[in-house]
Engineer: 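I have a structure I would like to understand better, so I am pasting it below and will then ask my questions one at a time.
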There are 2 protein chains.
Amino acid sequence: MSDITESQKMPDFLCCVDCIGFNLRKATRAVTQLYDETLRPSGIRGTQHSLLVVLKIIGPVLVTDLAEKIVMDRTTLSRNLEVMEKQGLVNVAPGEDRRTRWVTITEPGSAVLLEAYPLWQQAQAKIRESMGEERLQVLMADLSALIDVSQAR
Amino acid sequence: MSDITESQKMPDFLCCVDCIGFNLRKATRAVTQLYDETLRPSGIRGTQHSLLVVLKIIGPVLVTDLAEKIVMDRTTLSRNLEVMEKQGLVNVAPGEDRRTRWVTITEPGSAVLLEAYPLWQQAQAKIRESMGEERLQVLMADLSALIDVSQAR
DNA sequence: TTTATATAGGAGTATATACACATAATTTTA
DNA sequence: TAAAATTATGTGTATATACTCCTATATAAA
């Protein structure tokens, strides 16, 4: 067998099905669907729920700061906030520095969040009870580590 | 303190930042960006790369079967395939059962996949070397378990 | 103080995602 | 075999995602 033949051999790509990104996206699709479905009676999705939660805890906050906090592209966050502002869930208002926008959860937003709470608990409990507490703690730490290595430049 | 006051107390939502869905999406955004950025010279994204890999290994395959295999909504897959067909990466052709469509990776699709291989390896290695092999094995198993519990009805 | 640079955000475009509904073809049932 | 049920897929609509380019504003430098 010649070296040329050896070096030109087509890989079988079997190892590529272990792609971290692929498997993360796959799991995220399934899990997001569970949360979305469970949250449906509240009228908001998982993404919106998470955004309201963060705003409730750390808001008011600037768009760019919020984006960095939740590891979301600034423009993605802007588009998401646009929808939620139309729905009356959040308020986006210019600051003293007129380049900036302060994002705040509204009173209706807080009400929806409260209404969604038992629903969110239900989805969260389903996973928690199946996976177990310790396993989830490890998973959370690993997800955090994935963010760190992915953002390391 | 009365029972009514107690029961009406607003939760602080701090526990909600441990939402599995939220943290999964957060990590997926970061990791997907790493793969997308690394794959950029090949002209395809992580999602498309994964799709080509699966097609290379198990194709030709019907749309619905492929969707189930990769835990993706059938209509989402259709939309993604539409783009990739326009780019000449895949072929979608009707089967004998005229309701069905067989999806196949094309010759150009295979070529792109081969070109993307070292790039994908680079992104994968970066994460692998940072996280370690055993930790990743556990993570993969946990992601798989998340899919199972999320889809359990 | 004018100019250069940096920062915050928006707009255009494109892919990724999925639900509700519709259609066409096949299979099952009466 | 004709009607009913099932199956495979497509369409309309909406949110989620992010890159590139652009504008407005503020800060630093000359």
Side-chain angles (χ1 to χ4, degrees), chain A residues 21-22 24-40 43-51 61-68 70-87 89-90 92-103 150-151, chain B residues 21-22 24-40 43-51 61-68 70-87 89-90 92-103 150-151:
Chain A
F22 176 46
L24 262 179
R25 282 191 300 273
K26 207 161 59 170
T28 298
R29 284 193 291 267
V31 171
T32 294
Q33 273 188 72
L34 170 63
Y35 281 92
D36 283 359
E37 184 183 324
T38 311
L39 285 172
R40 195 156 300 147
I44 58 172
R45 297 186 177 192
T47 303
Q48 300 181 327
H49 178 263
S50 302
L51 221 46
V61 62
L62 298 178
V63 173
T64 300
D65 294 340
L66 180 55
E68 188 180 8
I70 63 177
V71 191
M72 181 180 281
D73 187 88
R74 183 182 53 76
T75 66
T76 301
L77 176 58
S78 280
R79 295 280 150 85
N80 292 355
L81 288 174
E82 210 175 312
V83 172
M84 296 173 73
E85 199 181 17
K86 277 177 193 155
Q87 296 169 342
L89 301 171
V90 302
V92 184
E96 273 189 34
D97 180 339
R98 283 181 297 174
R99 293 171 301 182
T100 64
R101 305 262 166 183
W102 289 99
V103 186
S150 296
Q151 292 187 333
Chain B
F22 175 46
L24 261 180
R25 282 190 300 274
K26 205 160 61 168
T28 298
R29 283 193 291 268
V31 171
T32 294
Q33 274 188 70
L34 170 63
Y35 281 93
D36 282 359
E37 183 182 325
T38 311
L39 285 172
R40 194 156 300 147
I44 58 172
R45 298 186 176 193
T47 303
Q48 300 180 326
H49 178 262
S50 303
L51 222 45
V61 63
L62 299 177
V63 173
T64 300
D65 295 340
L66 180 55
E68 187 178 10
I70 63 177
V71 192
M72 182 180 280
D73 187 88
R74 182 183 52 75
T75 67
T76 301
L77 176 57
S78 280
R79 296 277 151 85
N80 292 354
L81 288 174
E82 210 175 310
V83 172
M84 296 173 73
E85 199 180 18
K86 277 179 194 155
Q87 296 170 341
L89 301 171
V90 301
V92 183
E96 273 189 35
D97 179 338
R98 283 180 296 172
R99 294 171 300 181
T100 65
R101 305 263 167 182
W102 290 99
V103 186
S150 296
Q151 292 187 332

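To find a chain, count down the sequence lines: A is the first, B the second, and so on, and within it residues start at 1. The analysis underlying the following values was restricted to heavy atoms, covering all of them including side chains, and did not include hydrogens, waters or symmetry mates.
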Engineer: If you go through the side-chain atoms of B/R99, does one of them form a donor-acceptor pair with the base of D/dT7 closer than 3.5 Å?
Structural biologist: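 Such a pair is found, so the answer is yes.
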
Engineer: Mark yes when over 12 heavy atoms from residues, nucleotides or ligands other than B/E68 sit less than 6.0 Å from its CD; otherwise mark no.
Structural biologist: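 It does not: B/E68 CD has 12 such atoms or fewer within range.
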
Engineer: Roughly, in whole Å, what's the span from CG in A/D73 to P in C/dG10?
Structural biologist: 13 Å

Engineer: Applying side chain to side chain donor-acceptor pair (under 3.5 Å), can you list everything that pairs with A/T32, at least two apart in sequence or on another chain?
Structural biologist: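 So A/T32 forms a side chain to side chain donor-acceptor pair (under 3.5 Å) with B/R25.
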
Engineer: Between A/R101 and A/V63 (side chain of the first, backbone of the second, donor and acceptor by atom type, cut-off under 3.5 Å), is there such a pair?
Structural biologist: no

Engineer: Provide, to the nearest angstrom, the distance between the CD atom belonging to B/E37 and the P atom belonging to D/dT20.
Structural biologist: 9 Å

Engineer: How long is the straight-line distance from CD of B/Q33 back to OG1 of B/T28, given to the nearest 0.5 Å?
Structural biologist: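 Here the interatomic distance stands at 11.5 Å.
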
Engineer: Is the shortest side-chain heavy-atom distance between A/L62 and A/W102 below 4.5 Å?
Structural biologist: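 A/L62 reaches A/W102 side chain to side chain.
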
Engineer: Calculate the interatomic distance between A/D97 atom CG and D/dA24 atom P; express it in whole Å.
Structural biologist: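 Between P of D/dA24 and CG of A/D97: 15 Å.
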
Engineer: Figure out the CZ/P separation between A/R98 and D/dA24, and round it to whole Å.
Structural biologist: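 For the pair A/R98 CZ and D/dA24 P, the rounded distance is 12 Å.
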
Engineer: A/I70 CD1 to D/dT17 C1': how many Å, rounded?
Structural biologist: 12 Å

Engineer: Could you state the atom-to-atom distance from CE of A/M72 to C1' of C/dA16 in whole Å?
Structural biologist: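 Going from CE in A/M72 over to C1' in C/dA16 covers 13 Å.
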
Engineer: Using the 3.5 Å cut-off, write out each protein N or O paired with an N or O of nucleotides 10-12 of chain D and the distance between them.
Structural biologist:
| unit_1 | atom_1 | unit_2 | atom_2 | d |
| --- | --- | --- | --- | --- |
| D/dG10 | OP2 | B/S78 | OG | 3.0 |
| D/dG10 | N7 | B/R74 | NH1 | 3.0 |
| D/dG10 | O6 | B/R74 | NH2 | 3.0 |
| D/dG12 | N7 | B/R79 | NH2 | 3.2 |
| D/dG12 | O6 | B/R79 | NH1 | 3.4 |

Engineer: Let me know, please, whether B/D36 or A/Q87 comes out on the 5' side of the other along DNA chain D by nearest nucleotide.
Structural biologist: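 Result: A/Q87.
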
Engineer: Scan for side-chain hydrogen bond (donor to acceptor under 3.5 Å, both in side chains) pairs involving residues 71-82 of chain A, sequence neighbours excluded, and state none if there are none.
Structural biologist: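 Found A/D73-A/T75.
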
Engineer: From the list D/dT17, C/dG9, C/dA18, which nucleotide is the closest neighbour of the side chain of B/R29?
Structural biologist: D/dT17

Engineer: So, do B/Q48 and B/L39 sit near enough that their side-chain heavy atoms are less than 4.5 Å apart?
Structural biologist: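 B/Q48 vs B/L39: side chains apart.
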
Engineer: If I take atom CZ in residue A/R40 and atom C1' in nucleotide D/dT15, what distance separates them, rounded to the nearest angstrom?
Structural biologist: 13 Å

Engineer: Using only side-chain N and O atoms of A/T76, determine if any of them is under 4.0 Å from OP1 or OP2 of D/dA18.
Structural biologist: yes

Engineer: Taking for each residue the nucleotide of DNA chain D with the nearest heavy atom, is it B/T28 or A/R45 whose nucleotide lies nearer the 5' end?
Structural biologist: A/R45

Engineer: To the nearest Å, give me how far apart CG (A/L89) and P (D/dT15) are.
Structural biologist: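 Between P of D/dT15 and CG of A/L89: 11 Å.
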
Engineer: Would one find a side-chain N or O of A/N80 under 4.0 angstrom from OP1 or OP2 of D/dT17?
Structural biologist: yes

Engineer: Think A/Q33 has a side-chain N or O under 4.0 angstrom from the OP1 or OP2 of C/dA18?
Structural biologist: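 Yes.
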
Engineer: Which comes earlier along DNA chain C counting from the 5' end, the contact point of B/M84 or that of A/D65, where each point is its nearest nucleotide?
Structural biologist: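 Its nearest nucleotide lies further toward 5', so the answer is A/D65.
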
